[in-house]
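First the structure, in the form of structure tokens, and then the observations on it.
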Number of protein chains: 4
Amino acid sequence: MLSVGKSKKEVVTEFRQSEILAAARRVFASRGFHDSTIEDVAEAAGIAKGTIYLYYASKLDLYWAALKAGIVAMVEEAERQMAAVATVREKMQAFIASKINYAEAQKDFFRVYFSEFGNALTHPAEMQREFKQLYLGQARMLSQVIADGVRRKELRPLAPESAALAIADLTRGMIVQRMVGWSKASVDDDIQFVFDLIWKGLSNR
Amino acid sequence: MLSVGKSKKEVVTEFRQSEILAAARRVFASRGFHDSTIEDVAEAAGIAKGTIYLYYASKLDLYWAALKAGIVAMVEEAERQMAAVATVREKMQAFIASKINYAEAQKDFFRVYFSEFGNALTHPAEMQREFKQLYLGQARMLSQVIADGVRRKELRPLAPESAALAIADLTRGMIVQRMVGWSKASVDDDIQFVFDLIWKGLSNR
Amino acid sequence: MLSVGKSKKEVVTEFRQSEILAAARRVFASRGFHDSTIEDVAEAAGIAKGTIYLYYASKLDLYWAALKAGIVAMVEEAERQMAAVATVREKMQAFIASKINYAEAQKDFFRVYFSEFGNALTHPAEMQREFKQLYLGQARMLSQVIADGVRRKELRPLAPESAALAIADLTRGMIVQRMVGWSKASVDDDIQFVFDLIWKGLSNR
Amino acid sequence: MLSVGKSKKEVVTEFRQSEILAAARRVFASRGFHDSTIEDVAEAAGIAKGTIYLYYASKLDLYWAALKAGIVAMVEEAERQMAAVATVREKMQAFIASKINYAEAQKDFFRVYFSEFGNALTHPAEMQREFKQLYLGQARMLSQVIADGVRRKELRPLAPESAALAIADLTRGMIVQRMVGWSKASVDDDIQFVFDLIWKGLSNR
DNA sequence: GATGAATGAGCGTTCATTCAT
DNA sequence: GATGAATGAACGCTCATTCAT
């Protein structure tokens with residue numbers, strides 16, 4: 001089977017885009033959306049201001065692109081980790097561990113991500129909708145696992161989606177605590193803490 | 001004749017300040033900090049732009065004042081509700097219920113509040129410190145209740161502060177879900193869901 | 001002989017005005033016209049902002065009033081000193097000494113005065129005219145003395161007005177040098193220097 | 001082919017800067033620093049407001065740049081004129097003539113210059129220092145000539161620096177008189193008047 | 001008369017976006 | 001495609017002036 005068909009131009013374009021995205025993530029993470037300038041991102045990416053507009057139509061566009069790319073990567077990482085283990089218990093633990101570890105490795109992205117999460121509430125409707133899709137996407141696989149657990153009676157009967165969101169919230173809270181420096185425990189201890197709480201809260205007895 | 005001690009001027013000043021604060025809350029809630037202008041707030045308050053500067057030194061000042069006033073009121077409300085009941089279990093439930101109910105009643109404020117919570121991660125250090133104080137303040141009373149519960153063996157042994165933050169996170173998550181319209185359940189059902197999860201997660205057996 | 005006729009009200013008014021004027025002079029001198037606020041002057045005078053508008057119609061008005069009052073006092077002082085001596089030579093020396101000494105004593109005023117002198121060139125025509133009157137007023141007595149000296153052949157024949165302005169310029173320059181700290185000589189030495197130069201420049205042989 | 005070394009970009013930049021400077025000089029001259037707006041300067045230069053900030057960091061910066069450029073040109077002109085003649089007497093005359101003629105040709109600049117000279121007294125220390133340097137710079141060559149004259153006994157013994165400042169003051173005064181319209185004499189007559197006064201005042205016998 | 005809270009026009013500065021090279 | 005000079009709308013903040021008390 002021959003080349004999947006990316007022309008040289010497309011490759012260059014993708015490379016540029018990912019470079020810009022990485023720069024954007026760094027910049028937005030350190031200064032927030034409003035206090036970052038396109039110039040900042042351009043400098044961080046080592047290109048000229050105008051070039052960014054060849055790849056993204058506006059500052060907001062760039063921001064969303066950076067955010068989306070990060071979320072997709074994050075979700076994929078979680079999926080990978082969850083697919084690698086077998087039981088409901090393990091999968092839930094994998095989800096939590098994957099998120100917390102990912103956050104440790106990608107602090108930049110998480111800063112943007114949480115910042116956006118807060119702002120989403122004050123954002124235009126259209127943006128909220130899209131953000132919701134992305135956010136729920138990651139909860140979906142978790143809620144399937146939970147539904148499975150409920151079916152097998154490993155978990156007590158409860159709405160899988162609500163439970164999934166609860167897990168996400170708890171994990172999120174722990175990540176923030178670590179990020180802001182309120183938690184001094186080891187990564188593994190914090191993962192264990194969240195999992196314990198959740199497992200005791202959800203399991204059947 | 002007992003003078004309650006406030007001169008007419010002081011009364012007027014307080015009234016103006018609270019009017020401005022209310023307008024600020026509304027405006028910041030609907031558009032976020034950066035996309036709100038002082039002019040917007042002034043209009044919402046029915047006064048002139050310059051007048052705001054008679055009461056608050058800067059846009060940021062006004063923002064913080066609106067935020068702080070709201071947090072203080074929120075914490076007081078929670079304290080009141082928790083003080084009104086006796087057992088550890090009831091107090092925990094009171095905390096959760098108080099928060100969720102308060103959020104229903106004060107949607108404006110919560111929008112600002114969560115927005116800030118996200119942005120805190122990208123904010124100047126000094127602001128983070130103050131915000132942290134306010135945020136931890138509300139967790140403090142909860143962690144005392146938990147410590148009490150642990151002492152009485154009603155709760156399994158765990159770090160009270162971490163547990164308190166976990167409760168706050170879970171409650172927060174539920175409020176956001178309701179706010180964004182992802183939860184269609186009744187307020188009481190949602191309160192119950194959070195409490196169940198927490199109680200099962202934390203209690204001894 | 002009875003009262004010269006100032007009612008109590010007028011006395012109060014005059015007192016207020018002179019207090020305000022003094023405050024204005026101090027404030028304008030230290031910060032310049034544009035960087036001084038009416039509030040500054042009010043504070044310096046120990047009264048409320050609005051009160052100033054009972055005595056002066058605008059900030060500019062107040063400024064001019066402060067300037068004029070100072071110039072009048074300065075001119076009167078020079079007249080007094082010049083009237084106290086007899087010869088042309090002494091009168092010229094008296095003028096120079098009076099100005100330099102007055103400047104030492106009234107640094108505030110001179111700062112405003114010179115500042116205005118510079119700005120006069122960029123000021124509206126009407127203001128320039130009035131300023132010109134005041135400025136020439138002080139040169140007038142000097143030019144009469146010079147005319148007298150020319151008539152008596154003590155001075156070589158030259159246009160009295162031009163000579164008067166030249167004396168004023170030289171004196172002014174010395175005052176500025178002292179004010180800015182470029183001259184380290186004693187007041188008397190500086191007076192002598194200016195006078196020597198002038199006298200040699202103007203006298204007949 | 002010899003490249004003189006300026007890239008096209010540099011040429012454009014220099015052109016823009018000098019255009020802006022010229023516009024600034026005109027505007028500041030006619031309205032003064034505080035009553036001129038950046039918008040005014042931009043309009044006068046036929047460019048957009050923002051463009052000015054590409055070349056000057058602030059309004060004050062622009063002002064100083066306009067002032068400095070003018071002073072440097074003025075000093076160079078005087079140096080040229082003085083270098084072209086041989087005797088002490090001629091050099092002093094050249095200084096006076098150069099200044100007065102330059103003022104006739106550059107009324108805009110002189111208006112700004114004198115305005116600044118007055119304001120210098122109320123300006124922040126740092127600015128005064130720089131202005132002092134520029135101002136003294138022009139007096140320096142004059143005081144060397146005077147020192148020379150004193151050495152050759154052409155001038156009576158006196159402090160060269162004080163004498164230089166006196167010449168500058170007198171010249172300055174004459175320029176102002178011409179500028180404000182108080183002198184109706186011809187340029188040459190006014191030059192002669194100042195020179196006569198100075199020469200008689202300074203020369204030996 | 002005296003006050004000082006309220007007003008709102010005005011300005012310096014920033015920065016997302018455009019477009020000629 | 002890449003650049004970065006140019007643009008101009010937008011906004012935070014100031015302060016002279018007014019006027020109800």
Side-chain angles (χ1 to χ4, degrees), chain A residues 9 12-13 16 33-43 45-63, chain B residues 8-9 12-13 15-16 20 34-43 45-63, chain C residues 9 12-13 16 33-43 45-63, chain D residues 8-9 12-13 15-16 20 34-43 45-63:
Chain A
K9 198 207 287 189
V12 169
T13 292
R16 264 288 152 75
F33 176 73
H34 273 284
D35 294 335
S36 303
T37 69
I38 286 285
E39 179 76 58
D40 290 335
V41 176
E43 256 174 48
I47 58 177
K49 216 176 358 166
T51 308
I52 290 183
Y53 284 89
L54 297 175
Y55 298 95
Y56 299 95
S58 70
K59 188 185 173 187
L60 202 53
D61 240 57
L62 172 58
Y63 180 66
Chain B
K8 189 178 164 193
K9 201 204 309 185
V12 170
T13 291
F15 179 67
R16 266 281 191 280
I20 293 174
H34 272 287
D35 294 334
S36 303
T37 70
I38 287 285
E39 180 76 60
D40 289 337
V41 176
E43 259 173 46
I47 58 178
K49 211 179 0 168
T51 307
I52 290 184
Y53 287 90
L54 295 178
Y55 298 94
Y56 299 94
S58 70
K59 189 185 172 186
L60 203 53
D61 237 57
L62 172 59
Y63 180 65
Chain C
K9 200 207 287 189
V12 170
T13 291
R16 263 290 153 75
F33 176 73
H34 274 284
D35 294 335
S36 303
T37 69
I38 286 286
E39 179 75 58
D40 290 337
V41 176
E43 256 174 47
I47 59 177
K49 216 177 354 169
T51 308
I52 289 183
Y53 284 88
L54 296 176
Y55 297 95
Y56 299 94
S58 71
K59 188 186 173 186
L60 202 54
D61 239 58
L62 172 58
Y63 180 67
Chain D
K8 188 177 165 192
K9 202 204 306 183
V12 170
T13 291
F15 178 68
R16 267 281 191 279
I20 294 174
H34 273 287
D35 294 334
S36 303
T37 70
I38 287 285
E39 179 76 59
D40 290 336
V41 176
E43 258 173 45
I47 58 177
K49 209 171 12 161
T51 306
I52 290 184
Y53 286 89
L54 295 178
Y55 298 94
Y56 300 94
S58 69
K59 189 186 172 186
L60 203 53
D61 237 57
L62 173 58
Y63 180 66

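Proteins get letters first, then strands, A, B, ... in listed order; numbering begins at 1 in each. The structure displayed is predicted, hence computed values, not measured ones.
Contacts of B/Tyr56 with the nucleic acid, taken as non-hydrogen atoms under 4.0 Å apart, are absent.
Both A/Thr13 and D/Leu54 lie close to DNA chain F; mapped to their nearest nucleotides by heavy-atom distance, the more 5′-ward contact belongs to A/Thr13. DNA chain E is contacted by both C/Ala48 and B/Thr51; C/Ala48 maps to the nucleotide lying nearer its 5′ end (nearest heavy atom per residue).
One interatomic measurement links the two molecules: CD1 of D/Ile47 to P of F/dT7, which rounds to 6 Å at whole-angstrom precision. Nucleotide E/dA2 holds its C1' atom 8 Å from the OH atom of C/Tyr55, rounded to whole Å. With rounding to whole Å, D/Ile52 atom CD1 is found 16 Å from F/dA5 atom P. Here the C1' atom of nucleotide F/dA6 and the CZ atom of D/Phe15 are 15 Å apart, to the nearest Å. With rounding to whole Å, C/Asp35 atom CG is found 14 Å from E/dG12 atom C1'. As rounded to whole Å, 8 Å separates atom P of F/dC11 from atom CG of B/Asp40.
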Reading 5' to 3' through nucleotides 16-21 of chain E, protein heavy-atom contacts under 4.0 Å coded B for base, S for sugar-phosphate only, - for none: SBB--S

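We find the OH-CG distance between D/Tyr55 and D/Asp61 to be 15.0 Å, quoted to the nearest 0.5 Å. Note that the NZ atom of A/Lys49 and the OG1 atom of A/Thr37 stand 8.0 Å from one another [nearest 0.5 Å]. Rounded to the nearest 0.5 angstrom, D/Ile20 CD1 and D/Thr51 OG1 are separated by 7.0 Å.
For C/Arg16, a side-chain nitrogen or oxygen approaches OP1 or OP2 of E/dA2 to under 4.0 Å.
Across C/Ala42 and C/Ala48, no two heavy atoms sit closer than the pair CB-C, 3.9 Å. Among all heavy-atom pairs drawn from D/Leu62 and D/Ile38, the shortest one is CD2-CD1, 4.3 Å.
Every stem involving DNA chain F, taken as at least 3 paired positions in a row under the Watson-Crick or G-U wobble test at 3.5 Å, is listed here: E:2-21 with F:2-21.
Ring planes of B/His34 and A/His34: parallel class, angle under 30° (limits at 30 and 60°).
Partner C/Arg16 forms a side-chain contact (heavy atoms from CB on, under 4.5 Å) with one of C/Leu54, C/Ile52, C/Ile47 and no other, that one being C/Ile47.
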